[in-house]
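Single-structure report; data block below.
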Amino acid sequence: MTKPGPKIVGNRPDQPHHTPEQREKANLVLDFLQQYVIEHDPSVGPKFFGKSYTQHNPMVADGQEGLRQFAELLGEQFPQLEIEIKQVFVDGDYVIVHHHAKWGPGTKDTGLGSAKQGTAVIDIFRLEGDRVVEHWDVLQDIPETSANDNTMF
Amino acid sequence: MSDIQPNGKLESNKEVVLKFYMDVFRDHKLELGISNMREDYVQHNPLFRTGKEGFREAFGAMLSESAPIPSQPEEDSQSKSEGDLFVHNLKMGFLKYFRSGCSDLEIKRVIAEGDLVVVHAHFNLPDSRYPKGVALIDIFRVQDGMVAEHWDVVQAIPLETANDNTMF
């Protein structure tokens, strides 16, 4: 039984040469993204958050509370949001996730979700031990026309 | 930055990518930059044709004094999707950047894993559409010491923000 609401679809990618430690860090971040942010189960927060959470996405307020509010808003405004993870890689304490957000019908007043083709996102998360402590991202709405056939992924 | 594979390979991949980035975007030396690009360069940025030749053609036109500056976008946002309008405007912003001899970029962090190198950068474009510039995350794949594939996302930095941490 999957609950309604935003979800991560498809398989989790893996880089072929990931060491067990890198795989563990990638999965930690993907679990956090899936369980806390996208499917938004606030009860899993304590598993992932450390003492602080520094947010660099300009739309989201700082700290754990800012992310909780944002995740809640995402679920309310885009109940059919689907996230497809395209690439994930790990360098030390940094985990980078390249994904495709397909918004589905939803409210546009957040400034999100107006692109029919969805949005290309690259997230950078920083870990301290097994805690997620900092986040940067860049989002770009995918154009309908392209000069190449390679897609943005 | 890697503490997992503190080997020379990651560092040299970072060097290949940073040299390419600086040659093209800071120093505007296109041919020098693409001397380390594979012919079959796989381009995922929707503005550019794939291949080394597509890169040379697009950036050659931006850097060439003689090529005409296209008129400001057909502002018929009716017929263009948000995504199409964004890349169209962005191309104009980068055209102004190159034509004015601008080198106002700052590399914020470089991250590498395997054959991939991520560059997180801030560009100030001489274009009133981007008063705070744009944030970029580029991913490059390096093969045999040459840039071989490229993905990126670009976002205009908003004036109003929900936190004080900046996008970097």
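Labels below follow one simple rule: chain letters A, B, ... track the order of the sequence lines, proteins then strands, and each chain is numbered from 1. Here the structure is a predicted model, which is why all the values come from computation and not from measurement. Scope of the values below: all heavy atoms of this structure, side chains included, with no hydrogens, waters or symmetry mates.
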**Asked** Top residue by heavy-atom pair count (under 4.5 Å) with chain B, among A/L139, A/N57, A/V121, A/I124?
**Response** A/L139
**Message:** Within the structure provided, determine whether A/W136 and B/K108 are in side-chain contact (heavy-atom separation under 4.5 Å).
**Reply:** no
**Item:** A/I122 versus chain B, the contacting section by heavy-atom distance below 4.5 Å
**Value:** both
**Prompt:** Out of curiosity, does B/L32 fall in the hydrophobic cluster containing B/V16 (side-chain heavy atoms, cut-off under 4.5 Å, transitive links)?
**Reply:** no
**Prompt:** Where along residues 133-152 of chain B does a heavy atom come under 4.5 Å of chain A, listed by residue number?
**Reply:** B/A135, B/L136, B/I137, B/I139, B/W151, B/D152
**Complete:** To the nearest 0.5 Å, atom CG of B/N45 lies from atom OG of A/S146 at 8.0 Å
**Request:** Can you see which heavy atom on A/T145 is nearest to which on B/P46, and at what distance?
**Result:** O-CB, 4.3 Å
**Request:** Measure distances from A/Q87 to the heavy atoms of chain B and classify the residue's part below 4.5 Å as side chain, backbone, both or neither.
**Result:** side chain
**Request:** Measure from the side-chain N and O atoms of A/D62 to the backbone N and O of B/N163, and report whether any donor-acceptor pair falls under 3.5 Å.
**Result:** no
**Message:** Run A/Q140 and B/Q155 through side chain to side chain contact (heavy atoms under 4.5 Å, CB included) and show every step you take.
**Reply:** CA-CA 6 Å; A/Q140 182 178 343; B/Q155 184 177 347; over 6 Å; no
**Item:** Residue selection (most heavy-atom pairs with chain A, distance under 4.5 Å) from B/V154, B/D84, B/L47
**Value:** B/D84
**Request:** Find out if a path of hydrophobic residues (ILVMFWY) with successive side-chain heavy-atom gaps under 4.5 Å connects B/I107 to B/Y97.
**Result:** yes
**Message:** Heavy-atom cut-off 4.5 Å, strictly under: side chain, backbone, both or neither for B/F48 against chain A?
**Reply:** backbone
**Request:** For atom NZ of B/K19, decide whether the heavy atoms of other residues, nucleotides or ligands shown that lie under 6.0 angstrom number more than 12.
**Result:** yes
**Request:** Heavy atoms only, distances under 4.5 angstrom: which of A/D149, A/T119, A/T151, A/I142 has the most pairs with chain B? Name it, please.
**Result:** A/T151
**Message:** Pairing donors with acceptors under 3.5 angstrom, does anything connect the side chains of B/T50 and A/N150?
**Reply:** yes
**Prompt:** For B/V87, is it the side chain, the backbone, both, or neither that has a heavy atom closer than 4.5 Å to a heavy atom of chain A?
**Reply:** side chain
**Request:** Taking all heavy atoms of B/E82 and all of A/D141, pick out the closest pair and write down the distance.
**Result:** CB-OD2, 4.0 Å
**Item:** Side chain, backbone, both or neither of A/V60 within contact of chain B (heavy atoms, under 4.5 Å)
**Value:** backbone
**Prompt:** With a 4.5 Å heavy-atom cut-off, do B/K80 and A/E144 have their side chains touching?
**Reply:** no
**Asked** Less than 4.5 Å apart, any side-chain heavy atom of A/I96 and any of B/I111?
**Response** yes
**Message:** When you group the ILVMFWY residues by side-chain heavy-atom contacts below 4.5 Å and let the links chain together, are B/M22 and B/M37 in the same group?
**Reply:** yes
**Asked** Hey, are the side chains of B/E113 and A/Y94 touching, using non-hydrogen atoms and a 4.5 Å cut-off?
**Response** no
**Message:** Quick check on the interface: out of B/M167, B/E160, B/H120, who has the most heavy-atom pairs with chain A under 4.5 Å?
**Reply:** B/M167
**Message:** Is A/A115 in contact with chain B via its backbone, its side chain, both, or neither, using a 4.5 Å heavy-atom distance?
**Reply:** neither
**Note, A/N148 side chain near B/R49 side chain (heavy atom, < 4.5 Å)** = no
